[in-house]
J.: 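Questions regarding the structure given below will be posed in turn.
Numbers here are sequence positions counted from 1. This one's a predicted model, so the numbers in the text were calculated from it and none came from an experiment. When reading the values below, keep in mind they use all heavy atoms of this one structure, side chains included, and skip hydrogens, waters and symmetry mates.
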Amino acid sequence: MKVFKFGGASVCSSPGIMNLAEIVKKENDHLVIVISAFGKTTNALEGILVAWYQGDKTRFQMVNQLKEYHLSICRELFPDGEVTLFSDLNYLFTELETKMETQPPAAFDFEYDQLVSLGEILSTKIVSFYLNSAGIPNLWTDSRSLLITDTTFRNANIDWSETATRMKDTFNPDNNRIYLTQGFIGGTIDGYATTLGREGSDYTAAIIANIMDAAEVTVWKDVPGIMTADPDEFPGPEKLDEISYQEAIELAYFGAKVIHPKTIKPLQNKNIPLYVKSFLQPEENGTAIKDKTAGKINKPVIIIKRNQVLISLIPKDFSFVIEESLSKIFYSFFKHKIRVSLIQNSAINFSLVVDNGNESLRNLMQELQNDFKVLYNDNVSLLTIRHYDSETIAKTMKNMQVLLEQRSRRNVRFVVR
């Protein structure tokens with residue numbers, strides 16, 4: 001069995017969906033296809049959710065725009081009209097419109113998962129219907145009843161035992177050659193939708209591959225493979241032909257956009273190779289992620305994370321930052337579910353870099369002010385050069401203001417403006 005995962009960029013238009021069909025048509029193996037929401041649908045649904053909670057009436061216009069976007073793709077795919085598909089989509093949007101008429105409950109994270117998970121349901125309904133109409137029989141399956149999680153909404157943890165039982169019962173090659181399901185979303189044992197964290201569709205593919213002992217996973221992207229830098233940020237990046245699981249984990253942790261950080265471990269546990277390939281050039285080899293025997297990287301890799309916040313904590317009495325202080329700091333970050341990208345400390349100063357835009361960040365900093373003087377710089381970037389050399393540092397850091405620097409044997413990291 002193989003697992004194919006197609007991201008939002010690959011299915012953001014009718015030509016993209018037709019291209020997906022051509023890629024799938026060439027495969028003879030048993031397939032499970034994992035699909036993300038179309039284009040920027042997740043962002044749009046997040047905007048609708050916030051507008052609902054703020055009482056902003058433009059939410060109705062936003063829902064209508066999202067509906068028209070999906071229906072326009074369907075009209076291009078099915079110019080003669082497909083009553084069943086259009087009826088299904090209209091029903092889903094009617095439910096969303098009805099929800100927008102109600103008063104939002106207090107449980108924001110719970111409602112986030114119920115609403116935002118709609119993006120993957122819409123995309124997979126459309127793609128599955130198109131594949132069947134194009135002579136590629138497939139069975140649409142609902143990840144909310146297959147990938148079972150706990151109730152940690154917006155960042156759910158997998159119930160591996162229950163998920164394995166359900167997936168093995170469902171993805172049976174004797175019944176269907178191709179199954180199509182959603183990335184990013186799962187469900188509780190009670191039937192409520194959950195999400196696995198932003199960009200979690202890769203993780204979904206890895207979970208399925210691990211449980212089903214897949215031969216390989218292919219993640220289809222709009223880039224040729226894993227590059228030495230983001231081509232939208234830096235000129236002339238090169239493709240990495242092959243890297244190890246360990247290297248991929250490091251790159252994902254530092255913020256490389258191509259692979260979700262949680263994706264690698266389920267594949268490494270079963271020694272399942274992961275291929276990152278271009279859906280625009282499917283015949284090209286892309287990048288292979290394999291075991292520790294994979295080729296070593298002998299060139300610098302540049303990764304930049306935008307929209308970061310540099311937080312500096314200083315004890316109010318200028319005492320040393322010791323174990324008791326550290327335990328308070330780490331517990332606060334854990335409690336507010338704030339992921340830390342970089343840590344650096346001195347005797348009386350403790351600095352951390354986190355993603356901006358998290359609604360819990362303000363509450364965290366207010367709490368820390370009870371014990372610390374809290375300073376921060378927002379709208380900064382975290383730049384990592386892995387396997388660095390002096391020439392790459394000089395070229396990359398030109399005209400950048402450095403607020404913090406950290407070096408190890410393989411990595412140099414800068415907080416910059």
Side-chain angles (χ1 to χ4, degrees), residues 1-39 41 70-89 92 119-147 167-185 201-202 204-209 211-212 214-222 274-284 286:
M1 193 192 83
K2 294 180 181 178
V3 179
F4 281 3
K5 182 263 174 175
F6 290 89
S10 63
V11 288
C12 65
S13 64
S14 56
I17 295 170
M18 294 175 186
N19 182 57
L20 178 153
E22 291 301 314
I23 292 172
V24 172
K25 190 183 295 184
K26 296 174 183 177
E27 289 294 326
N28 296 316
D29 296 289
H30 172 44
L31 284 179
V32 177
I33 304 172
V34 177
I35 306 286
S36 298
F38 289 168
T41 294
H70 284 81
L71 292 180
S72 66
I73 291 175
C74 291
R75 286 192 286 267
E76 293 170 2
L77 293 173
F78 308 104
D80 296 331
E82 291 291 348
V83 176
T84 303
L85 176 62
F86 281 84
S87 176
D88 285 352
L89 299 184
L92 291 169
E120 277 69 22
I121 300 301
L122 291 167
S123 65
T124 53
K125 288 274 189 183
I126 295 169
V127 174
S128 177
F129 204 99
Y130 178 76
L131 290 180
N132 279 319
S133 70
I136 306 172
N138 70 96
L139 181 67
W140 183 89
T141 58
D142 193 338
S143 189
R144 294 170 298 183
S145 61
L146 291 178
L147 201 159
M167 285 188 176
K168 288 177 180 178
D169 286 343
T170 300
F171 298 134
N172 187 339
D174 295 331
N175 296 335
N176 294 275
R177 186 178 75 83
I178 300 176
Y179 292 88
L180 191 141
T181 194
Q182 306 79 34
F184 173 58
I185 68 175
S201 293
D202 293 350
T204 301
I207 292 165
I208 295 170
I211 289 172
M212 301 304 298
E216 61 187 55
V217 176
T218 302
V219 175
W220 298 93
K221 298 280 188 179
D222 56 353
L274 170 64
Y275 298 93
V276 179
K277 301 181 71 173
S278 168
F279 63 81
L280 300 173
Q281 299 172 305
E283 70 284 350
E284 298 295 325

J.: For S36, is there any backbone N or O sitting under 3.5 Å from a side-chain donor or acceptor partner on E120?
T.: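 Not confirmed, E120 side chain does not pair with S36 backbone.
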J.: Does the side chain of F184 reach to within under 4.5 Å of the side chain of L147, using non-hydrogen atoms?
T.: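 Heavy-atom side-chain distance check fails, nothing below 4.5 Å.
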J.: Would you call H70 and I126 a side-chain contact if the rule is heavy atoms closer than 4.5 Å?
T.: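 Answer yes - side chains close enough.
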J.: Which label fits Y179 and F171: parallel for a plane angle under 30°, tilted from 30 to 60°, or perpendicular past 60°?
T.: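 Answer is perpendicular, since the angle exceeds 60°.
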J.: What residues form a salt bridge (charged side-chain N to carboxylate O under 4.0 Å, His left out) with D88, not counting sequence neighbours?
T.: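 D88 satisfies salt bridge (charged side-chain N to carboxylate O under 4.0 Å, His left out) with no residue once adjacent residues are dropped.
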J.: So, does T181 use its side chain to make a donor-acceptor pair with the main chain of D142 at under 3.5 Å?
T.: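 Not a single qualifying donor-acceptor pair exists.
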J.: Could you tell me whether the side chain of F6 reaches within less than 4.5 Å of the side chain of V127, counting heavy atoms only?
T.: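 They are not in contact (no side-chain heavy atoms under 4.5 Å apart), so the answer is no.
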J.: Do Q182 and T204 pass the side chain to side chain contact (heavy atoms under 4.5 Å, CB included) test, and can you show the C-alpha distance, the side-chain angles, and the key distance before you say yes or no?
T.: CA-CA 8 Å; Q182 306 79 34; T204 301; over 6 Å; no
J.: Is there a donor-acceptor contact under 3.5 Å from the side chain of R177 to the main chain of D29?
T.: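 Checked: pair present.
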J.: M1 vs V32, test: side chain to side chain contact (heavy atoms under 4.5 Å, CB included). Steps then yes/no.
T.: CA-CA 8 Å; M1 193 192 83; V32 177; 3.7 Å; yes
J.: Atom CG of L280 and atom CG of D222: how far apart are they, to the nearest 0.5 Å?
T.: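 Spacing of CG (L280) from CG (D222) equals 7.0 Å.
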J.: Just verifying a value: how many Å separate S14 OG and N19 CG, rounded to the nearest 0.5 Å?
T.: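 So the OG of S14 and the CG of N19 are separated by 11.5 Å.
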J.: Decide if the gap between the ring center of F86 and the ring center of F78 is smaller than 6.0 angstrom.
T.: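 When the ring centroids of F86 and F78 are compared, they turn out to be at least 6.0 Å apart.
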J.: Over 60° means perpendicular and under 30° means parallel, so tell me whether W220 and F4 are parallel, tilted or perpendicular.
T.: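 Plane angle over 60°, so perpendicular.
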J.: Hey, could you give me the CG/OG distance between L180 and S143, rounded to the nearest 0.5 Å?
T.: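 The distance works out to 11.0 Å.
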J.: Please report the closest heavy-atom contact between I23 and F279, naming both atoms and the distance.
T.: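 The answer is CD1-O, 3.9 Å.
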J.: For I35, is there any backbone N or O sitting under 3.5 Å from a side-chain donor or acceptor partner on T124?
T.: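 Answer holds: no.
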J.: Work out which heavy atom in A37 is nearest to a heavy atom in T41; give both atom names and the distance.
T.: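 Taking A37 first and T41 second, the nearest heavy atoms are CB-CB, 4.0 Å.
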J.: Using a 4.5 Å cut-off on heavy atoms from C-beta on, say whether the side chain of I208 contacts that of M167.
T.: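 When only atoms from C-beta onward are counted, I208 and M167 do touch, with a gap below 4.5 Å.
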J.: As an exercise, state the distance from CD of E27 to CD1 of I136, rounded to the nearest 0.5 Å.
T.: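 Result: 11.0 Å between the selected atoms.
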J.: Does the Y130 side chain pair with the main chain of A21, one donor and one acceptor, at a distance under 3.5 Å?
T.: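 No, because the side chain of Y130 does not come within donor-acceptor range (under 3.5 Å) of the backbone of A21.
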J.: Return yes if some donor-acceptor pair links the side-chain N/O of S128 with the main-chain N/O of K125 below 3.5 Å, else return no.
T.: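 Side chain of S128 to backbone of K125: no pair is present.
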J.: Could you go step by step and tell me if K221 and D202 meet the side chain to side chain contact (heavy atoms under 4.5 Å, CB included) rule?
T.: CA-CA 11 Å; K221 298 280 188 179; D202 293 350; 3.8 Å; yes
J.: Let me know which of N132, I33, L139 forms a side-chain contact (heavy atoms from CB on, under 4.5 Å) with I178.
T.: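 The option that passes is I33.
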J.: Rounded to the nearest 0.5 Å, what's the gap from CG on L71 to CD on E76? Could you check?
T.: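 L71 CG to E76 CD: 11.5 Å, rounded to 0.5 Å.
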J.: Looking only at non-hydrogen atoms, find the nearest pair between S201 and V34 and report the distance.
T.: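 S201 and V34 have their closest heavy atoms at O-CG1, 4.0 Å.
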J.: At what distance, to the nearest 0.5 angstrom, does CG of L122 lie from CD1 of I73?
T.: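 Separation between the atoms: 10.0 Å.
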J.: Which heavy atom in K168 sits nearest to a heavy atom in I211, and how many Å separate them?
T.: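 Reported closest heavy-atom pair: CE-O, 3.4 Å.
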